[in-house]
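The next block holds one structure in the form of structure tokens; read it before the comments.
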Amino acid sequence: MIEMIREAQEKGEIAPYLSIDTLLLYLNLWRDASEKIPVSLYSERLIDELMRLFFTA
């Protein structure tokens with residue numbers, strides 16, 4: 001995971017000023033929160049909007 005983050009930072013896909021520790025914490029928080037979303041709420045729109053938030057935050 002760390003290598004993937006570093007590569008994405010080198011390509012400009014992830015902001016290079018964000019530390020690996022911060023990014024890993026953010027990913028873990030996001031994963032934990034997404035596990036609590038009831039399946040009944042999942043929709044293409046919800047997933048699209050969550051992905052936009054994730055990649056633009």
Side-chain angles (χ1 to χ4, degrees):
M1 180 63 87
I2 293 171
E3 186 60 35
M4 188 170 46
I5 291 171
R6 285 188 179 132
E7 287 177 19
Q9 285 179 317
E10 289 173 9
K11 293 178 184 177
E13 297 168 344
I14 295 176
Y17 58 84
L18 296 171
S19 71
I20 299 293
D21 290 335
T22 299
L23 290 165
L24 290 174
L25 174 65
Y26 184 75
L27 289 170
N28 285 325
L29 291 170
W30 212 84
R31 184 199 64 220
D32 292 345
S34 68
E35 290 174 355
K36 295 176 182 169
I37 299 170
V39 175
S40 62
L41 292 180
Y42 275 92
S43 68
E44 188 173 330
R45 179 179 176 180
L46 174 68
I47 293 169
D48 180 60
E49 290 177 357
L50 289 173
M51 294 305 290
R52 289 176 188 269
L53 284 171
F54 176 77
F55 286 110
T56 58

Only distances under 3.5 Å count here; give the side-chain donor-acceptor pairs of residues 8-23 to other protein atoms, sequence neighbours excluded, each with its distance to 0.1 Å.
unit_1, atom_1, unit_2, atom_2, d
Gln9, NE2, Ala15, O, 3.1
Gln9, NE2, Leu18, O, 2.8
Ser19, OG, Thr22, N, 3.1
Ser19, OG, Thr22, OG1, 2.8

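- Considering every non-hydrogen atom in both Leu41 and Leu46, the closest pair reads O-CD2, 3.3 Å.
- For Ser40, the side-chain contact (heavy atoms from CB on, under 4.5 Å) partners at least two apart in sequence or on another chain are Pro38.
- The residues Asp32 and Lys36 are annotated as not salt-bridged, no charged nitrogen and carboxylate oxygen being separated by less than 4.0 angstrom.
- With sequence neighbours excluded, no residue forms a salt bridge (Lys or Arg N to Asp or Glu O under 4.0 Å) with Glu7.
- A single hydrophobic cluster is seen to contain both Tyr26 and Met4, as judged by linkage of ILVMFWY side chains at heavy-atom distances under 4.5 Å, directly or through other members.
- Taking a 6.0 Å sphere around CZ of Arg31, one finds it holds more than 12 heavy atoms contributed by other residues, nucleotides or ligands.
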